[in-house]
S.K.: 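Supplied in structure tokens, the structure appears directly below.
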Amino acid sequence: MNNKEKIRSLLEEALPLVDFDSDFLFSELDSLGVTTILMILSKEFDIELESRDATPKNFKTLDSLVALCEAKLSARQSR
């Protein structure tokens with residue numbers, strides 16, 4: 001299972017009413033949904049995601065969430 005499939009599975013389980021195929025995912029989410037996503041991804045990938053990471057750009061699509069996680073993972077590995 002690649003990161004995108006893993007993230008989709010985790011988030012669909014936690015937020016079943018959200019359309020993760022949306023081209024503007026951020027508009028589908030309330031603040032609790034955004035916080036839930038940050039917490040799930042932080043825990044799953046052992047990365048630090050903060051409220052400043054919750055931008056419309058990072059939350060635009062499922063792919064942009066995957067890119068955010070992969071960027072944080074690669075930043076952690078380069079330390």
Side-chain angles (χ1 to χ4, degrees):
M1 182 182 287
N2 66 29
N3 282 345
K4 183 175 180 178
E5 291 166 353
K6 182 189 279 187
I7 290 170
R8 175 185 291 278
S9 174
L10 287 166
L11 298 184
E12 284 179 342
E13 187 176 309
L15 301 165
L17 300 178
V18 174
D19 175 11
F20 287 98
D21 292 317
S22 171
D23 286 335
F24 200 65
L25 183 59
F26 196 76
S27 67
E28 300 256 337
L29 299 166
D30 59 12
S31 59
L32 182 60
V34 169
T35 303
T36 299
I37 289 173
L38 292 174
M39 288 177 8
I40 288 171
L41 298 180
S42 293
K43 183 178 177 189
E44 179 65 28
F45 294 101
D46 193 27
I47 54 179
E48 215 172 291
L49 292 172
E50 301 163 14
S51 56
R52 65 189 161 104
D53 294 314
T55 63
K57 180 183 173 213
N58 287 338
F59 277 69
K60 184 170 194 263
T61 61
L62 185 61
D63 287 331
S64 60
L65 281 174
V66 172
L68 171 65
C69 290
E70 290 176 346
K72 294 279 186 175
L73 284 167
S74 96
R76 188 186 70 196
Q77 290 168 349
S78 65
R79 278 191 216 151

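Bear in mind that the values here come from a model prediction, so they are computed numbers and not experimental data.
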S.K.: When hydrophobic residues are tied together by side-chain contacts of less than 4.5 Å, even through go-betweens, does M39 share a cluster with L11?
M.R.: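 Different clusters.
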S.K.: Return the minimal non-hydrogen interatomic distance between F24 and P56, and the atom names on each side.
M.R.: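 Closest approach of F24 to P56: CZ-CB, 4.1 Å.
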S.K.: Where is the tightest heavy-atom contact between S51 and L38, given as atom of each residue plus distance?
M.R.: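 Closest pair (atom of S51, atom of L38, distance): CA-CD1, 4.1 Å.
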S.K.: Test your reading of the model: is there a side-chain donor-acceptor pair from N58 to the backbone of D53, 3.5 Å cut-off?
M.R.: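 Yes, N58 side chain to D53 backbone: donor-acceptor pair under 3.5 Å.
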S.K.: With R8 as reference, evaluate N2, D21, N3 under the side chain to side chain donor-acceptor pair (under 3.5 Å) test and give the passing residue.
M.R.: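 Per the side chain to side chain donor-acceptor pair (under 3.5 Å) rule, the option paired with R8 is D21, out of N2, D21, N3.
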S.K.: Should L68 and L49 be marked as a side-chain contact (heavy atoms from CB on, under 4.5 Å) after you check the CA-CA gap, both sets of side-chain angles, and the distance that decides it?
M.R.: CA-CA 9 Å; L68 171 65; L49 292 172; 3.9 Å; yes
S.K.: Please confirm whether the backbone N or O of A75 pairs with a side-chain atom of S78, one donor and one acceptor, at under 3.5 Å?
M.R.: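 It does hold such a pair.
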S.K.: Set out, in order, the CA-CA distance, both residues' side-chain angles and the distance that settles side-chain contact (heavy atoms from CB on, under 4.5 Å) for D46 and R76, then state yes or no.
M.R.: CA-CA 9 Å; D46 193 27; R76 188 186 70 196; 3.5 Å; yes
S.K.: Look up atom CG in L10 and atom CD in E5, then write down how far apart they are to the nearest 0.5 Å.
M.R.: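 That separation rounds to 12.0 Å.
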S.K.: Which heavy atom of A14 sits nearest to which heavy atom of I40, and what is that distance?
M.R.: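 Heavy atoms only, the tightest pair is CB-CD1, 3.3 Å.
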S.K.: Output, in order, the C-alpha distance, side-chain angles, deciding distance and verdict of side-chain contact (heavy atoms from CB on, under 4.5 Å) for V34 and F26.
M.R.: CA-CA 8 Å; V34 169; F26 196 76; 4.3 Å; yes
S.K.: Do you know the tightest heavy-atom contact between L41 and I47?
M.R.: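 What the structure gives for the nearest pair is O-CG1, 3.8 Å.
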S.K.: Treating T36 as the side-chain partner and L32 as the backbone partner, does any N or O pair qualify as donor plus acceptor under 3.5 Å?
M.R.: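 Answer holds: yes.
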S.K.: Out of E13, E70, E44, which residue meets the salt bridge (charged side-chain N to carboxylate O under 4.0 Å, His left out) rule with K6?
M.R.: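 In the set E13, E70, E44, the residue that makes a salt bridge (charged side-chain N to carboxylate O under 4.0 Å, His left out) with K6 is E44.
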S.K.: Once you round to the nearest 0.5 Å, how far does CG of L62 lie from NZ of K4?
M.R.: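 If we round to the nearest 0.5 Å, L62:CG and K4:NZ are 5.5 Å apart.
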S.K.: With distance as the sole test, does E28 use its side chain to make a donor-acceptor pair with the main-chain N or O of V18 at under 3.5 Å?
M.R.: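 Side chain of E28 to backbone of V18, a donor-acceptor pair under 3.5 Å: no, none is there.
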S.K.: How about NZ on K72, more than 12 heavy atoms from neighbouring residues, nucleotides or ligands closer than 6.0 Å, or not?
M.R.: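 Enclosed.
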S.K.: Run the side-chain contact (heavy atoms from CB on, under 4.5 Å) check on I7 and F20 step by step: do they pass?
M.R.: CA-CA 10 Å; I7 290 170; F20 287 98; over 6 Å; no
